[in-house]
2 protein chains.
Amino acid sequence: MEEKFRRSLYPELDDIDYGIVRALQENARLPFTTIAKELGVTEKTIRMRVQQMQDDGVLSLVGIVNPVKAGLNVESFIQIAVEADKLDDVVEVLNGIVEVRLIVLTTGDYQLFIQILVRNYEELAQFLMKKLNKVPGVTRVNVINELKILKSKFKFVR
Amino acid sequence: MEEKFRRSLYPELDDIDYGIVRALQENARLPFTTIAKELGVTEKTIRMRVQQMQDDGVLSLVGIVNPVKAGLNVESFIQIAVEADKLDDVVEVLNGIVEVRLIVLTTGDYQLFIQILVRNYEELAQFLMKKLNKVPGVTRVNVINELKILKSKFKFVR
DNA sequence: TGATAATTGTCGATATTCGTATTATAGTTA
DNA sequence: TAACTATAATACGAATATCGACAATTATCA
């Protein structure tokens, strides 16, 4: 009785799940009663489905701050080459740096790919010189600055 | 009377705003009455602040689906070099491709940086061969496959 | 086909949201 | 400084929504 499954294993969401996701994608605070009316089921059903999808890690209902409006104007993607035996250590250090939003292990010439957000180019320079280049094991970095976001789509259900 | 400002210009959020953001970051459906009690103000105040932050594009309350749980198991970052005069056209085509989640104009050897999500490597191959390589103006692509996400942090307020 | 578990529905108690009117606060000008 | 204005906060009752316990229904599987 450790694991409990529902209907079938994910990713098999049914129509009701999709209806719920479609609604909450737009507005995480939409009343369950409204969604229920739309989908022709009871509020209780919506409530339970949402709870399960959250428990199962399928759906998160969160508030997101626009980084630019919060003063974080400079976004960069950085590829990092690391000495093979130092990878764990480097990741650990990067993990503790607030500017680092995303760390991904990748294929290719560089092992790590990170995304950072800072207030301005001065902070970017500080990050590169005072933080990233001081991390032992980092052999090479490739900074790709973001000039403009042309598309950003976080909706997964149409 | 076209623009309306509040207190002062963003990014000057005050303590109440930060309190609201901090709470809603964790749970977008947290009752305003609860936040109000915590911050020592009225529910109406919270309601109005949230509405304003949303109107001003500072805060979004959204449902997010875990792509892996939705069957999108392969994520790739792709750098794309484009003939200078074809940039707009390429972006327009990429915009219409469902797999493409993010398009960013960048500095460096490649002009565009995109993020894609597909179900599996077969779909990635199809995307590269049937879609991306058929886009006129694309001269060179560099695919960086994501092996594992080591950190992903979307909270902007501590 | 039964037995069992999981899901959904019903419904009243409680909590939350919403809208209006009123009061307080900050900024501005005479 | 006082009066004025605009903005933001509060008070509060009505309308909605959420929650939880139990019953009914639907799947699941031996």
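Quantities reported herein were computed from a predicted structural model and do not represent experimental measurements. Side chains included, hydrogens not; waters and symmetry mates left out as well; all remaining heavy atoms used. In the text below, chain A, chain B and the rest are named by the order of the sequence lines, each starting its count at 1.
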Open item on the list: Any heavy-atom pair between the side chains of B:Leu117 and B:Val74 that's under 4.5 Å?
Closed with: no
Could you list the donor-acceptor pairs under 3.5 angstrom formed by side chains in residues 75-83 of chain A, with sequence neighbours left out?
{"residue": "A:Glu75", "atom": "OE2", "partner": "A:Gln115", "partner atom": "NE2", "Å": "2.2"}
{"residue": "A:Ser76", "atom": "OG", "partner": "A:Asn145", "partner atom": "OD1", "Å": "2.4"}
{"residue": "A:Gln79", "atom": "OE1", "partner": "A:Asn142", "partner atom": "ND2", "Å": "2.8"}
{"residue": "A:Glu83", "atom": "OE1", "partner": "A:Lys86", "partner atom": "NZ", "Å": "3.3"}

- [ ] Determine: side-chain N/O of B:Thr33 to OP1/OP2 of C:dT16, distance under 4.0 Å, yes or no.
- [x] yes
TODO: List in chain and number order the residues that pass side chain to side chain donor-acceptor pair (under 3.5 Å) with B:Glu123, two or more places apart in sequence or in another chain; answer none if no residue qualifies.
DONE: none
Open item on the list: Can you list everything that forms a salt bridge (Lys or Arg N to Asp or Glu O under 4.0 Å) with B:Glu43? Sequence neighbours excluded, please.
Closed with: B:Arg47
TODO: Ignoring backbone atoms, establish whether A:Gln52 has a side-chain N or O less than 4.0 Å from OP1 or OP2 of C:dT7.
DONE: yes
TODO: May I have all residue pairs that pass side-chain hydrogen bond (donor to acceptor under 3.5 Å, both in side chains) and include part of residues 98-108 of chain A, sequence neighbours excluded?
DONE: A:Glu99-A:Lys131
Task: B:Met48 CE - C:dG19 C1' separation (whole Å) - done: 14 Å
- [ ] Let me know the distance between CD of A:Glu38 and P of D:dA17, rounded to the nearest Å.
- [x] 12 Å
TODO: Go through the structure and list residues passing side chain to side chain donor-acceptor pair (under 3.5 Å) with A:Lys37, not counting sequence neighbours.
DONE: none
Open item on the list: For C:dT16 and B:Arg29 - does any side-chain N or O of the residue sit under 4.0 Å from the phosphate oxygens OP1/OP2?
Closed with: no
Open item on the list: Using whole Å, what does the distance between atom C1' of nucleotide D:dA8 and atom CZ of B:Arg49 come to?
Closed with: 8 Å
Task: Side chain to side chain, A:Val41 and A:Ile46, heavy atoms closer than 4.5 Å - done: yes
- [ ] Assign each of A:Leu30 and B:Gly40 to its nearest nucleotide of DNA chain D by heavy atoms, then name whichever residue's nucleotide is nearer the 5' end.
- [x] B:Gly40
Open item on the list: What is the distance, to the nearest angstrom, from the CD1 atom on A:Ile46 to the P atom on C:dT10?
Closed with: 14 Å
Task: Nearest-neighbour nucleotide for the B:Pro31 side chain, D:dT18, C:dT16, C:dT10 considered - done: C:dT16
TODO: Return the set of residues passing side chain to side chain donor-acceptor pair (under 3.5 Å) with A:Lys148 (not counting sequence neighbours), or none when no residue passes.
DONE: none
Open item on the list: Just N and O in the side chain of A:Thr45: are any of them under 4.0 Å from OP1 or OP2 of C:dT8?
Closed with: no
Tabulate protein N/O versus nucleotide N/O from nucleotides 19-21 of chain D, keeping only pairs under 3.5 Å, one per line.
{"residue": "D:dG20", "atom": "N7", "partner": "A:Arg47", "partner atom": "NH1", "Å": "3.0"}
{"residue": "D:dG20", "atom": "O6", "partner": "A:Arg47", "partner atom": "NH2", "Å": "3.4"}

Task: Those residues that, when tested against B:Lys134, pass side chain to side chain donor-acceptor pair (under 3.5 Å) (two or more places apart) - done: none
Task: Angle of first-five versus last-five pair axes in the helix from C:dT1-D:dA30 to C:dA30-D:dT1, to 10 degrees - done: 40°
TODO: Round to a whole Å and report the spacing from CG of A:Asp14 to C1' of D:dA27.
DONE: 13 Å
Task: Gap between atoms NZ and P, on B:Lys37 and D:dA11 respectively (whole Å) - done: 15 Å
Open item on the list: Please report the distance, rounded to the nearest Å, between CG in B:Asn27 and P in D:dT18.
Closed with: 13 Å
